[in-house]
Amino acid sequence: MSIYDTLNEQQKRAVFQTEGPVLILAGAGSGKTRVLTHRVAYLIDQCNVNPWNIMAITFTNKAAGEMRERVDDIVGFGSDSIWVSTFHSTCVRILRRYIDRLGFDHNFTIYDTDDQKTVMKDICKKLQIDTKMLKERTILGAISSAKDELISPLTYEMQAAGDFTKQRIAGAYKEYQAALKKSNALDFDDLIVKTVELFQACPDVLEYYQDRFRYIMVDEYQDTNTAQFELIRLLASKSRNLCVVGDDDQSIYKFRGANIRNILDFEKVYPEAVVIKLEQNYRSTQNVLDAANAVIRNNVGRKDKALWTDHGAGALLHFKQFDSAYDEAQYVVEDIAKKKRERIADYSDCAILFRTNAQARVMEERFVVAGIPYDVVGGTNFYARREIKDLLAYLKTIDNGRDDVAVKRIINVPKRGIGATTLTRVQEYADERNISFYDALREADQIMTIGKSAAKLTPFVTMIQTFRSKLEYYSLEELIKDVLETTGYVAQLEASDEEDAESRMENIDELISKIVSYEETHDEPSLSEFLEEVALVADIDGVNEDDNKVLLMTLHSAKGLEFPHVYLAGMEDGVFPSYMTITSDDPAEIEEERRLAYVGITRAKEDLTITCARSRMIRGETQYNPVSRFVKEIPPALLDQKVPGIKHKDFEDYAEDSYERSHFKAKPFGMGTTQEKPGIFDKEKLSRLQEEGTGMSGEEFFRKAKPGMVTVSSLGNGLGATRVPGEAMPKPKAVVTPKRTSLQNKPFLSKAQDGASALAGLAGVSKGAPAAGGSLDYSEGDRVRHIKYGEGTVLKIEEGPRDFQVTVEFDGAGQKVMYAAFAKLKKV
DNA sequence: CGTACTAGTCTTTTT
DNA sequence: GACTAGTACG
């Protein structure tokens, strides 16, 4: 009995087909990771391939980590020399070694979207581009798309002929690349592009890696863009042992340049390719799969396949529509609480998936109130928070003085009385001499134009230089603590009476512990490497499956994951599929959304609950949306509840026969423009809803909502979102919306997100002067009162680097650790 | 030079 | 609704 006996026939074929190009079309839950890991094992064990010659590429660090772990489990030796990593880290690793061939320094920095925008702003000013007409975002988006397609500034310029906007973008593109080069920086897209350029320019380097990577495997191949395709093509062109795994039905990253043709045309590029389809699903029940199959069947231009399982039909899918997003959230949270109570499921068995990050909010509020532990994946990246970016900018400056963006970010943070005029002068000086901003600072006393201000700049330079020299014998932990202290960053934060100062502190502590754990887990920790790891983390990477928490995330983040109990929330036309795609005249966009729906449905192992709301607040505007078309594409027999009969004939017809259609037919309701007609909802229901939700009487609402006032927006299919134009809906009176403060700024995937502590954050009360340095009017063993938690006993008081950390056992809320300065505990 | 306030924008999805 | 960039003011 070998480890391969547990595989099914197709999986075996995929594992044993080691030579030449292989395309594995792996449906959701068909065990592709198993195939990949067994394939690696087979190569090493049976084919005597040196682990050193094997490369596996994934899209996220999490996927890479899992793969390495599982290979470790079966191979047992040599697995650390297998190259398992993401596209981006692979490229960084190669570039760190060879980028000098392209005229960069080895310690280049990686710019995130924020940094990119800063650079682009400067460029727009320089090129006198009116950012009202042409936004930085747009330009950067265009540049990013160009890079995804390996289009250089020069080529872009040539293609821009005759198009004024494109010409402007071309100019900006050129300047942007020059600016990055000057700062010795690369953006995300550059990581791939520059590696391809390197391979094209230096055949010896390419050959080195071709000889090294004799067996290449690429996961989630449907998500590769043209640049990534080319990178892989170059690497594999010598050995041709390229095995790609993907599912065209799960291609959901077109907006990021993913080219679905890469997988659809694989056999054209590699005519000798062996194609293997994995259709047996080991994850879900047949009902879940039937639903997924029925939905995805409405797409054209896909490789035909149908998932099946021998798991049995399983439970029906649950469907529920609610009056408001609050009710929806309430239901989901209660349902999870019920499952937990009845021991049907643990918290970590449940995940809530939605289309947009913003939808997490309403859910979060309910979870906090219910006291159920949860984690939100994504949203604002931990490393994108202001205080974290500030500190990283210090580290970057110490690491690479050529990074102008970093230097300018911190030159006056904390305030050093250095103003805009001084900065402009310094920049002019730097431009004249073609030196970096930081180098200009070093010569501050030479800059005639700034006069006395030079005196403010010199201490900054001295400080940075000191950090640099200390770095020789310093640990990174010591460095960051030194930075926090010497710059006065913490002192400033403590002195500020900003509401979120406390959560900022927590974030900083979180950063320190990340640095510490980085140092602990790496043999030769370096500042550059730390900064690089930090730049390349994905939201999903931080998810810890061992925590017993409900996970909230977007459908995009959920790809590759599975949960026994899945809730698909916000299934409304206008939300999902999004308004943008419904109004778009490119039918491919709806298809991409449908693939996203397919991804969502197939995340469920046992139980799938689909919910939607009749009304929902989106960007401060209440919208009324019909049930998502994707729900209507699910055969009614698979749902435990009928998709509600909306009093609109066409709509009903559409719902009724959608399952019968092999493909989404021409829209039954006239395309597009804004039409004046009353809403499509049952008037009574809507009236009741208005009364409950907005405080307006049903009468009043309908007076405002008469035809001519209510706009059925141009959703193309006439089913649109209705709203009262130009008039913001009054706040729902029945619903308490707690102010979010520290929750918003909570450390990325913070550890203790229990209800009580989060509730304290929601109350947003912690202001006040810090007690640091002084003494406390209570001591260990004393009884104290906290504004939110009530009374408790002080267990421990520890003197931290900048404040006392007080551990209190509260009578109601349990044990908490808090900063004395913020907790404002009163002795009783 | 630093701040407090206002007006405008926005993400749909992310390495 | 929330966040941000820009401006007017001290």
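Here the structure is a predicted model, which means the values were calculated and not measured. For the numbers below, each heavy atom of this structure counts, side chains included, while hydrogens, waters and symmetry mates do not.
Residue A:Glu592 is out of contact with every strand shown, counting any heavy-atom pair closer than 4.0 Å.
Rounded to whole Å, atom P of B:dC1 lies 13 Å from atom NZ of A:Lys415. Across the protein-nucleic acid pair, A:Tyr253 atom OH and B:dT12 atom P stand 17 Å apart, rounded to whole Å. Distance CD (A:Glu621) to P (B:dT9): 15 Å, rounded to an integer number of Å. Here the C1' atom of nucleotide B:dT11 and the CZ atom of A:Arg355 are 10 Å apart, to the nearest Å. Between A:Arg594 atom CZ and B:dT12 atom P there is a gap of 21 Å when expressed in whole angstrom units. Distance A:Gln359 CD to B:dC10 P: 20 Å, rounded to the nearest Å. To the nearest angstrom, P of B:dT12 lies 13 Å from CD1 of A:Ile582. Between the CZ atom of A:Arg137 and the P atom of B:dT13 there is a distance of 10 Å, given to the nearest Å.
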Checklist outcome for this item: Counting primed atoms, P, OP1 and OP2 as sugar-phosphate and everything else as base, the B/S/- map of nucleotides 4-10 of chain C against protein heavy atoms under 4.0 Å is -S-----
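When only modelled atom types and interatomic distance are considered, A:Asp403 and A:Tyr111 share a side-chain donor-acceptor pair under 3.5 Å. Counting only N and O atoms by type, the side chains of A:Gln427 and A:Thr424 include no donor and acceptor under 3.5 Å apart.
Applying the 4.0 Å criterion to OP1 and OP2 of B:dT11, one finds that A:Ser578 has every side-chain N and O outside that range. The phosphate of B:dT12 has neither OP1 nor OP2 within less than 4.0 Å of any side-chain N or O from A:Thr581. For the OP1/OP2 pair of B:dC1 and a distance below 4.0 Å, the side-chain nitrogens and oxygens of A:Thr421 include at least one atom meeting the criterion. The shortest distance between the side-chain N/O atoms of A:Asn412 and the OP1/OP2 oxygens of B:dC1 is not below 4.0 Å. Between A:Asn357 and the phosphate of B:dT13, there is a side-chain N or O to OP1/OP2 separation shorter than 4.0 Å.
Between the A:Asp187 side chain and the A:Ile110 main chain, no donor and acceptor come within less than 3.5 Å of each other.
Residue A:Asp115 forms a salt bridge (charged side-chain N to carboxylate O under 4.0 Å, His left out) with just one option from A:Lys121, A:Lys408, A:Arg409, A:Lys396, and that option is A:Lys396. With A:His556 as reference, A:Phe255 is the one residue of A:Phe576, A:Phe354, A:Phe255 to meet the ring pair (Phe, Tyr, Trp, His ring centres under 6.0 Å) rule.
Between C:dT4 and B:dT13, the two P atoms lie 15 Å apart (nearest whole Å).
By the 5.5 Å and 30° criteria, A:Phe87 is not stacked with the base of B:dT15.
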